[in-house]
Amino acid sequence: MNHFSSKGMDIAYVDVGAGPPILLIHGFGSSHAINWKATGWIDTLTGAGRRVVAMDVRGHGQSQKFYEPSAYRPALLAEDAANLLDHLGIPRADVMGYSMGGRIAAVLAIAHPEKVRALIIAGMGMGMVEGIGDEEEIVAALEAPTLEDAVGDTGRAYRKFIDLSRSDRKALAACIIGQREVVPIEAVARIRAPTLVAVGTKDAVAGSARRLAHVIPDAEVLDIPNRDHMLAVGDRTYKAGVLAFLARHSPLD
């Protein structure tokens, strides 16, 4: 992977392919490799003629780890994304984020509208505005001595996923506390980029995709049929919908 300094923070990323650039921002507890590479997204997008930049959010993957929640505020995570685009000399890119990455992508579009050509918020609906809950359960599960000691279905699911990825549980416990700030609805309403909100029809985490899209002036909804929060990421309908959306709003020519 490549690395760069985001105002002193070491951020890892990959930069592959050629064509209109798209920045990918993964979800909580994941990484670019899990969220975008293993699911075939990077191959799908480069194969469609796009340059893919995919970062490991701080606290995740090969990026620098921090253990204070204040290091993971959404505004700081969005600035890492903006700084990466500046580092690569990309003045404007399409941006896609999943779950936590969807919140980061939205904050980036609000803070730096000039940098975002088209926006895809996936795995995140009105939970961005209203909160998704279960954060304390997830923190307790991450801090439990073993998976068997974790309590609650959501907490156990995240602990199992994070154990399998061999992630830094202490850093992620700080991250989920720091990044859980909701995005004010009036700020979401300021997003001007064409936006696609893509959520699985069985997703019990994201909140309503339609209610979020109703707030954003130029937004549309993509339902990912029969997929929950975890399984929607690599879905074929999701991929096809994103490619069609990009063809309309960020053509290759």
Side-chain angles (χ1 to χ4, degrees), residues 1-14 23-39 53-84 87 96-108 122-124 127-128 131-183 205-206 229-230 233:
M1 293 190 74
N2 303 302
H3 291 254
F4 88 107
S5 175
S6 176
K7 296 184 178 178
M9 312 299 175
D10 183 64
I11 302 297
Y13 69 94
V14 294
L23 173 65
L24 306 182
I25 309 175
H26 63 75
F28 171 75
S30 190
S31 66
H32 92 280
I34 296 170
N35 211 147
W36 306 119
K37 185 176 180 180
T39 57
V53 178
M55 63 189 292
D56 281 351
V57 175
R58 61 170 72 182
H60 297 73
Q62 295 186 35
S63 288
Q64 190 171 351
K65 311 300 188 293
F66 302 90
Y67 301 101
E68 294 296 329
S70 59
Y72 296 100
R73 295 186 59 237
L76 297 176
L77 304 182
E79 285 305 305
D80 288 341
N83 293 340
L84 175 54
H87 170 74
M96 177 164 66
Y98 194 86
S99 192
M100 176 189 73
R103 180 188 289 114
I104 296 168
V107 173
L108 174 64
M124 181 62 70
M128 180 187 303
I132 62 171
D134 293 325
E135 288 95 347
E136 298 302 330
E137 180 180 310
I138 295 170
V139 170
L142 294 180
E143 294 177 342
T146 67
L147 172 62
E148 289 68 28
D149 295 310
V151 176
D153 291 342
T154 301
R156 288 178 59 84
Y158 273 92
R159 173 61 184 264
K160 184 177 181 179
F161 173 68
I162 288 164
D163 281 354
L164 286 172
S165 66
R166 299 182 180 180
S167 299
D168 186 325
R169 290 189 288 109
K170 184 178 178 181
L172 293 180
C175 176
I176 199 166
I177 295 171
Q179 62 84 40
R180 66 181 175 181
E181 292 179 14
V182 296
V183 183
V205 175
H229 195 70
M230 296 294 187
V233 183

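One-based numbering along the sequence shown. Here the structure is a predicted model, which is why all the values come from computation and not from measurement.
For the atom pair OG of S31 and CE of M55, the computed distance is 12.5 Å after rounding to the nearest 0.5 Å. The OH atom of Y98 lies 8.0 Å from the CG atom of N35; values are rounded to the nearest 0.5 Å. Separating the OG atom in S167 from the NZ atom in K65 is a distance of 8.0 Å, to the nearest 0.5 Å. Separating the CG atom in L172 from the CD atom in Q179 is a distance of 10.0 Å, to the nearest 0.5 Å.
A donor-acceptor pair under 3.5 Å is formed between the side chain of Y72 and the backbone N or O of F66. Judged by distance alone, with hydrogens and angles left aside, the side-chain atoms of E143 form no donor-acceptor pair with the main-chain N or O of A173 at under 3.5 Å. Judged by distance alone, with hydrogens and angles left aside, the side-chain atoms of R169 form a donor-acceptor pair with the main-chain N or O of L142 at under 3.5 Å. At distances below 3.5 Å, not a single donor-acceptor pair connects side-chain atoms of D163 with backbone N or O atoms of K160.
In plain terms, the two heavy atoms of Y13 and V53 that are nearest each other are CD1-CG1, 4.5 Å. Here the shortest heavy-atom pairing between L147 and R156 reads O-NH1, 3.0 Å. Nearest heavy atom pair, residue A71 against residue L77, reads O-CD2, 4.4 Å. The heavy-atom pair separating E135 from I176 by the smallest distance is CG-CG1, 4.1 Å. Taking both residues in full, the closest heavy atoms of H26 and H32 are given as CD2-N, 3.5 Å, listed atom of the first, atom of the second, then distance. Residues V182 and G131 share a closest heavy-atom pair of CG1-N, 3.5 Å.
Under the side-chain contact (heavy atoms from CB on, under 4.5 Å) test applied with P74, the options I104, V107, V183, L108 reduce to a single match, V107.
Side-chain contact annotation: S63 with D56, donor-acceptor N/O pair under 3.5 Å absent.
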Go through the steps for R58 and E79 under the test salt bridge (Lys or Arg N to Asp or Glu O under 4.0 Å), then give the verdict. CA-CA 11 Å; R58 61 170 72 182; E79 285 305 305; over 6 Å; no
